[in-house]
Amino acid sequence: MEKKKGKKGIIIAIVATVLVLAGALTTYILLNKKADVYRLLKVFEFEGSASIDREGVGAIEPYANMVLESGDRISLDTGKMTLQADEDKFIFLEEQTELVLKASGSSSNSKTEIELIKGAVTNDIKNKLSTDSSYEINTPNSTMSVRGTIYRVHVYEENGIKYTRVSVFDGKVTTRLVYKDGTVADEEVEVEKGKEVIIYEDSTITKYLYPEPQDIDYDTLPEDVLRRLMGNNDEGREVSITNPEIEIILEGPYTVTFYYNNSIFGTQTVKKGKKAVVPNLQPAESGSWQFDFDTPIEKNTDIEWK
């Protein structure tokens, strides 16, 4: 009888040990699984009018520090919105922007994908991505990937032609064309710091507007983007334009250039908000300057004689 009790005790002890080990193993797996999910995806800051469409839920009104889910469709109508993925990836939306945000992976293999449907975003990836990580933006006619940089992507349409403008302020961005049938071009075009490309798509073709990346046209960038670049410089990031250069674009004085037959006829220096003056001399007996001289000057301006 004592032997049976002893054996029974041993069996109970073994079972208890197995259960303890199983519990510890389960806890370890759960903790590691939790550590492997995407670390952070949220609305960093927001003010204005916007909506977030989530599968199975519908439209949600966003708010600051709202936790996002991969696959959320985000639309900013007016105001400002910044999204945060991880601790070091920020996505700044401009008004009238719509995108789908997808994110997965862990700290060692994070994957971020933005489907930019319309509008513009400025991406600020503060740290270099790991070898197994990726950050991509897809537009209707292009796809681009980076390993750590600051750049803006703008999707817009003019006269029935779709455009994607990619401006790189720091680092490099690799771009490829996406054709109407969904196939992606084999050729990659690398856009370096201070350069930009414009991709256009009409009813028959998708191609780059220029054969090589061009210098960024900073005068056509929104004020918020330029001020954000000033902030990057203040942080020591040293983007592709200096703060004094940005201040001239934002505050002036501006140069008004008069053209006759594609040649410079004359120039004027005008303070921000002031008006250009009709030149005393005319380049020809017939014709006129194609400009409303009651318009305040807010940027460098070209005026043609026709």
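Quick note: residue numbers are just sequence positions, from 1.
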Taking [X] for the side chain and [Y] for the main chain, is one N or O donor matched with an acceptor at less than 3.5 Å?
| X | Y | answer |
| --- | --- | --- |
| S133 | S110 | yes |
| E95 | G79 | yes |
| Y259 | W305 | no |
| T220 | Y218 | no |
| E158 | G160 | no |
| N261 | S263 | no |
| T97 | G119 | no |
| D292 | D294 | yes |
| D72 | E69 | yes |
| D88 | K126 | no |

Counting the benzene-type ring for Trp, do [X] and [Y] have ring centres under 6.0 Å apart?
| X | Y | value |
| --- | --- | --- |
| F293 | F291 | yes |
| W289 | F258 | yes |
| F169 | Y151 | no |

Practice task
In sequence, state the C-alpha distance, the side-chain angles, and the governing distance for K272 and E298, and then conclude on salt bridge (Lys or Arg N to Asp or Glu O under 4.0 Å).
Solution key: CA-CA 5 Å; K272 180 181 177 70; E298 301 291 341; 3.0 Å; yes
Between the side chains of [X] and [Y], does any donor sit under 3.5 Å from an acceptor?
| X | Y | result |
| --- | --- | --- |
| S142 | R165 | no |
| N243 | D234 | yes |
| S288 | Q290 | yes |
| E113 | N138 | yes |
| D181 | T183 | yes |
| Y200 | N141 | no |
| S130 | D132 | no |

State the [atom1]-[atom2] distance between [X] and [Y], to the nearest 0.5 angstrom.
| X | Y | atom1 | atom2 | value |
| --- | --- | --- | --- | --- |
| E251 | K271 | CD | NZ | 12.5 Å |
| K111 | S134 | NZ | OG | 5.0 Å |
| L76 | S49 | CG | OG | 8.0 Å |
| I246 | L229 | CD1 | CG | 5.0 Å |
| S167 | K195 | OG | NZ | 12.0 Å |

Exercise for the section: Decide yes or no on salt bridge (Lys or Arg N to Asp or Glu O under 4.0 Å) for E45 and K80, but give the supporting numbers first. Expected result: CA-CA 8 Å; E45 58 183 0; K80 300 177 181 179; over 6 Å; no
Are [X] and [Y] joined in one hydrophobic group, where the rule is that I, L, V, M, F, W and Y side chains link up if heavy atoms are under 4.5 Å apart?
| X | Y | value |
| --- | --- | --- |
| V173 | V155 | yes |
| Y179 | M144 | yes |
| L226 | I91 | no |
| I137 | L41 | yes |
| V57 | V43 | yes |

Is it true that atom [atom1] of [X] has more than 12 heavy atoms of other residues, nucleotides or ligands lying nearer than 6.0 Å?
| X | atom1 | value |
| --- | --- | --- |
| K193 | NZ | yes |
| E212 | CD | no |
| E157 | CD | yes |
| K207 | NZ | no |

Looking at [Y] and [X], is there a salt bridge between them, counting it only when a charged N and a carboxylate O are closer than 4.0 Å?
| X | Y | result |
| --- | --- | --- |
| R152 | E94 | yes |
| K89 | D124 | no |
| E98 | R73 | yes |

Practice task
Test side chain to side chain contact (heavy atoms under 4.5 Å, CB included) on T257 and T255 and set out the steps.
Solution key: CA-CA 6 Å; T257 306; T255 300; 3.7 Å; yes
Problem - Geometric cation-pi criterion, R228 with F92: 6.0 Å, 45° - result: yes
Handout entry: Side-chain heavy atoms of M230 within contact of L250, under 4.5 Å
Key = yes
